[in-house]
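Note that ligands are numbered from 1 as they come in the structure, with each ligand's atoms numbered from 1 the same way. Quick note: numbers below take in every heavy atom, side chains included, and nothing from hydrogens, waters or symmetry partners.
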Amino acid sequence: MHTNLFSPVTLNPTLTLKNRVAMAPLTRCMAAADLTPTDDMAAYYARRADVGLIISEATIIRADAQGYPNVPGIFRPSHIEGWQKVTDAVHEKGGTMFCQLWHVGRVSHQVFHGSRPVSASAIGLNERIPRMPGLTYPVPRALGSGEIEQLIEDYAVAASNSRAAGFDGVEIHGANGYLLDQFLHYASNHREDEFGGSPENMVRFPLAVVDAVIAAVGADRVGLRLSPGAYANMTGDPRDKAVFQLLLAELDKRDLAYLHVGIFDDSMTFDALDGMRSSEFLRANYKGTFMGCGSYTADQADQGIAEGKFDLAAIGRPLIANPDYIQRVQQGEALVEYDAEMLKTLL
Ligand code: FNR
Ligand code: 8K6
């Protein structure tokens with residue numbers, strides 16, 4: 001059973017994973033008030049160290065990157081110390097762990113950091129803020145080009161901090177409608193400078209972040225998550241496809257550890273991608289190692305690998321409900337069903 005899922009995979013000379021199940025990045029909003037990871041978080045991740053790769057919950061690279069309460073950071077000495085306890089606990093159990101580097105851009109509010117949220121353009125999300133009753137997203141401020149240079153540097157520093165904290169690598173969060181994704185879609189990028197208006201310009205900032213992070217920690221230790229299909233905090237546009245095709249062609253030259261699709265349900269298809277699923281589109285346009293995700297059961301994930309749809313599978317909600325997911329699947333035991341109530345505690 002599940003011979004594909006439980007076969008090891010060599011990503012590159014630096015990293016071999018013991019199986020092809022990744023823990024999907026899962027925001028839990030359980031960090032301390034100063035955004036330092038806690039001992040409970042170390043124990044939570046360590047319980048899941050038997051997956052091939054743990055991708056941390058999204059972790060903010062600087063103060064204005066925050067859009068949810070109590071998310072962890074990786075930009076202060078205390079954050080590095082807190083994460084070091086987490087990675088030590090995971091390594092002690094034989095696990096491998098990447099830090100997901102996050103800036104939410106416009107998916108934010110000044111209550112989190114005291115300043116107007118920033119984005120590619122001054123285009124707001126017309127939505128309520130989850131977990132913050134009564135608050136809606138404000139119209140963001142468009143970043144100046146000097147500020148974009150600073151952000152590229154901040155991503156690189158966050159990547160170096162992640163290595164200092166003991167992470168085996170980093171996953172750049174370029175998905176789900178957050179900052180980097182806001183540059184990649186026409187709905188949120190109306191810029192008229194070198195960062196907008198054409199595929200070449202729209203990929204410039206995300207690609208510069210990838211290159212700066214590679215320069216900081218080495219391509220072998222860098223993954224990237226993308227959402228070519230707009231489904232969260234974003235609206236699709238038929239012109240988006242060409243932006244992602246250019247980005248993927250560029251990424252293919254860079255030997256990343258892996259590319260990861262950002263999606264909740266991978267059965268979703270997108271008109272803007274000619275009716276393809278996001279994972280299908282990424283697989284068709286990218287030659288490197290590819291991680292699928294999105295409402296997959298272990299059976300489906302195993303089959304997806306067998307059929308060449310992806311090389312690794314990230315599992316999210318089932319791993320919240322089942323810290324012993326790997327053992328249960330390997331032994332053919334029933335899984336506990338995920339329930340959003342489970343987000344209240346760190347099981
Ligand atoms: C998520 N997801 C998510 N994605 C991401 O890139 N960074 C994150 O921090 C989070 N946080 C998060 C929190 C919670 C509570 C959920 C349910 C989801 C998306 C997640 O990584 C994954 O794409 C989806 O959950 C779909 O996979 P599953 O759960 O169907 O296996
Ligand atoms: C991506 C970071 C989000 C952190 C907040 C927690 C989100 C809770 C998610 C509940 C899961 C429901 C999945 C339904 C699919 C919605 C697609 C946007």
Side-chain angles (χ1 to χ4, degrees), residues 5 20-31 35 37 41 44-45 48 51-61 65-74 97-105 107-108 130-131 158 170-182 184 206 223-234 258-268 277-279 282 290-302 304 310 312-323 325-326 328-329 335-347:
L5 216 44
R20 292 166 190 259
V21 179
M23 177 177 178
L26 294 161
T27 291
R28 300 304 312 270
C29 301
M30 296 280 185
L35 313 187
M41 286 166 62
Y44 157 83
Y45 282 114
R48 291 156 174 86
V51 301
L53 176 67
I54 296 176
I55 304 163
S56 80
E57 62 202 280
T59 297
I60 62 171
I61 62 162
Q66 185 178 355
Y68 304 84
N70 295 91
V71 293
I74 186 76
M97 185 168 186
F98 274 30
C99 185
Q100 194 189 42
L101 302 182
W102 198 21
H103 194 305
V104 297
V107 190
S108 185
R131 303 176 187 213
V170 298
E171 177 177 291
I172 300 166
H173 196 342
N176 298 350
Y178 297 116
L179 182 64
L180 298 178
D181 205 26
Q182 287 156 32
L184 295 171
L224 173 65
R225 195 170 210 199
L226 293 175
S227 296
Y231 78 100
N233 308 313
M234 189 57 68
Y258 64 86
L259 179 72
H260 182 190
V261 63
I263 190 80
F264 270 81
D265 180 350
D266 195 32
S267 67
M268 234 176 138
R277 289 176 281 113
S278 264
S279 64
L282 292 177
F290 176 53
M291 186 185 290
C293 185
S295 303
Y296 282 97
T297 63
D299 286 353
Q300 291 164 341
D302 191 70
F310 37 81
L312 299 143
I315 302 291
R317 288 162 289 185
L319 261 157
I320 291 178
N322 301 270
Y325 179 87
I326 295 289
R328 284 181 188 247
V329 171
L335 293 173
V336 176
E337 200 175 335
Y338 170 82
D339 185 312
E341 282 293 303
M342 293 171 179
L343 295 178
K344 290 181 178 162
T345 57
L346 274 184
L347 173 72

Close-contact set for ligand 1 against [X] heavy atoms, below 4.0 Å:
X	answer
His173	5 (C), 6 (O), 7 (N)
Arg317	17 (C), 25 (O), 26 (C), 28 (P), 29 (O), 30 (O), 31 (O)
Ala24	21 (O)

- Message: Under the rule for ring pair (Phe, Tyr, Trp, His ring centres under 6.0 Å), what residues qualify as partners of Phe310, not counting sequence neighbours?
- Response: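 Ring pair (Phe, Tyr, Trp, His ring centres under 6.0 Å) check on Phe310 returns Tyr296.
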
From Ile320, Val51, Leu319, residue fulfilling side-chain contact (heavy atoms from CB on, under 4.5 Å) relative to Tyr325: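 Only one of Ile320, Val51, Leu319 forms a side-chain contact (heavy atoms from CB on, under 4.5 Å) with Tyr325, namely Leu319.
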
Is the shortest heavy-atom distance from the side chain of Val104 to the side chain of Gln66 under 4.5 Å?
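No; the side chains remain at least 4.5 Å from each other.
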
Arg277 side chain near Ile263 side chain, heavy-atom distance below 4.5 Å: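 Counting from C-beta outward, Arg277 and Ile263 never come under 4.5 Å.
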
Counting only heavy atoms, which portion of [X] has something under 4.0 Å from ligand 1: side chain, backbone, both, or neither?
X	value
Arg28	neither
Ala58	both
Leu343	side chain

With respect to Ile263, determine whether any N or O atom, backbone or side chain, lies less than 3.5 Å from an N or O atom of ligand 1.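 Right, the criterion is met.
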
- Query: Taking both backbone and side-chain atoms of Arg225, is any N or O found less than 3.5 Å from an N or O belonging to ligand 1?
  - Reply: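 N/O-N/O distance below 3.5 Å exists for this pair.
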
Which is closest to atom 2 (N) of ligand 1 in terms of heavy atoms, Pro25, Ala321, Gly316?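 It is Pro25 that holds the nearest heavy atom.
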
- Query: Using a distance-only test with no angle check, is there a side-chain donor-acceptor pair under 3.5 angstrom linking Asp265 and Ser267?
  - Reply: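 There is such a pair (donor and acceptor under 3.5 Å, judged by atom type) between the side chains of Asp265 and Ser267.
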
Report yes or no: do Ser227 and Asp181 form a side-chain donor-acceptor pair below 3.5 Å?
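Looking only at side-chain atoms, Asp181 and Ser227 do not form any donor-acceptor pair under 3.5 Å.
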
Discussion item. Please confirm whether Cys293 approaches ligand 1 to less than 4.0 Å, judged on its heavy atoms.
Written reply: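 The answer is yes: ligand 1 sits under 4.0 Å from a heavy atom of Cys293.
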
